[in-house]
Amino acid sequence: MTNESTEFYGHLIDGKETEAQDGRRFPSVDPWRRTAWAEAAEGGREDADRAVAAARQAFDTGEWPRMGHTARGRILHRLADLVERNAGELAAADSRDMGRPVAQARAKDVPRAAANFRFFADHARLTAAEQLPADNGTHVYTRYEPAGVVAAIAPWNLPLMLESWKVAPALAHGNTVVLKPAEQSPASATVLARLALEAGVPPGVFNVLHGHGPAAAGEFLVSHPGVDRITFTGESATGRAIARAAADHLTPLSLELGGKAANLVFADCDLDRAVSWSVAAAYTNAGQVCLAGSRIYVERAVYDAFLERFTAAADALRFGDPAEAGTDIGPLASAEHHAKVRGFLDRLDGGPQGRLLTGGLDPRDPRVVRPAVVVDAAAEAAVLQQEIFGPVAVVTPFDTEQQAVAQANATPYGLNAMVFTEDLRRAHRTAAALRGGTVWVNCYFVRDLRAPFGGVGASGIGREGGVHSREFFTEPKAVVMDIAGTLGPEATGAAR
Ligand code: NAD
């Protein structure tokens, strides 16, 4: 690897972009060119302390939590405008950091980031709070008060999109934030924080702390007593470590973790549509999506037809330089991640671990994995049980709906599932029976930001989105007033 880095992305603390306290930096490697294209500040304990102190001060004494939803919303809409205006820089930052095709980052991730800020700004302002009917002369209502300092820890796979999904609701509800982006993808977070300042977000309200996870910036942040909420997206194993750290201070946390989504294709589906959605579900972002439909169960009557079309569509995907407009699939995000995905392909044995039908490693190019289709894997095979997080889809036939649902539910994960069927009753039945936080019927990754988003089992704890984000990023407070003036102490504690 050569080092040609030119860009520097500092921490952004209290409105100022800074080096680490001890001056350390780490490189961000462009996985296609295999060069360090940028450097970021390497956060240590002092940096985490500085970032939390800035967020604490802005929360305890600053205007942001007190200015009200309308004023905050105006600023967050300005930030959304700036995100759109700076789409090129933001998309290029993610693309260079982790290899996402820049055209996709620009067409999908940047607009979604802007939409996150707009949606949560409006949702926070417009959503009603409960007022409970009471016939005892009281007036009972709920106040959703900002929770405090939010630590947001993000992964590298869709950096800007996932970071804005946390930062937007946290800010909209009046919190202050310390965001720690993944060490593989530091750039867009600093750009976003610069834009937030330009939009009028006061210094100290949105801070960015760069650095690594264990025994580094990430761990120092989540174990900090000055943090009031932790929102984390990443691997299930990391989620467990963070939950242990959070336990010391009883810090409430939301965990969006790994997945191993099943995709059920019934013989009564619209096969062309099922194939094109299944290809998108398996291979978008080179399969580096928590929601990726990596286990495809196909009813036996259409198994051969599905496999033929799915394999042809997988082979037709163009992989290559993420900077080029026509690229469907870029490199895997890092050499380490490539090695992890390769480990799964190396284990394919033509027997119970499965057989590679097409795609896989490219002997001439160690950066990419071609869209891979695996068949004949036994239910306990690693490719069917563990999260690969790469462009590897395992296709398996089934005979009955019950069998399909049982296979789909047979992993520790429960993030999402897909169902392709034209039978209305079957659609509702399977949507109810599948274990997971989201079931997409005849589509994939179509998001409604009002809907709950999260996972069960090893896929996470809690839900975000709409009122669920409000619940997490605020302290709901019940206010009970005796407005009739008729209640006496004897009524206290009575069930109503
Ligand atoms: P990761 O868990 O390795 O890292 C995520 C973040 O956690 C990084 O910022 C990292 O520095 C930090 N971190 C690591 N150890 C830490 C510690 N001990 N304390 C505090 N922070 C720590 O995950 P990744 O490899 O960056 O991302 C891929 C994973 O994310 C996959 O498992 C994927 O399924 C999951 N993911 C889930 C969702 C979802 O919504 N459920 C969305 C995207 C990605």
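Both ligands and their constituent atoms are indexed starting at 1 by order of listing.
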- Query: With sequence neighbours left out, which residue pairs that include part of residues 102-117 fulfil the salt bridge (charged side-chain N to carboxylate O under 4.0 Å, His left out) condition?
  - Reply: Arg100-Asp109
- Message: I need the single residue from Glu19, Glu42, Glu7 that forms a salt bridge (Lys or Arg N to Asp or Glu O under 4.0 Å) with Arg25. Which is it?
- Response: Glu19
- Task: Would you please write out the protein residues whose heavy atoms approach any atom of ligand 1 to under 4.0 angstrom, listed by chain and number?
- Result: Ile153, Ala154, Pro155, Trp156, Asn157, Leu162, Lys180, Pro181, Ala182, Glu183, His212, Gly213, Pro214, Gly218, Glu219, Val222, Phe232, Thr233, Gly234, Glu235, Thr238, Ile242, Glu256, Leu257, Gly258, Gly259, Cys290, Glu387, Phe389, Leu415, Phe453
- Message: Has Asn175 got a side-chain atom pairing as donor or acceptor with Phe473's backbone, closer than 3.5 angstrom?
- Response: yes
- Exercise: do Gln407 and Thr396 side chains pair donor with acceptor under 3.5 Å: no
- Can you find a side-chain donor-acceptor pair between Ser469 and His173 that sits under 3.5 Å? no
- With Val227 as reference, evaluate Leu221, Val178, Val150 under the side chain to side chain contact (heavy atoms under 4.5 Å, CB included) test and give the passing residue. Leu221
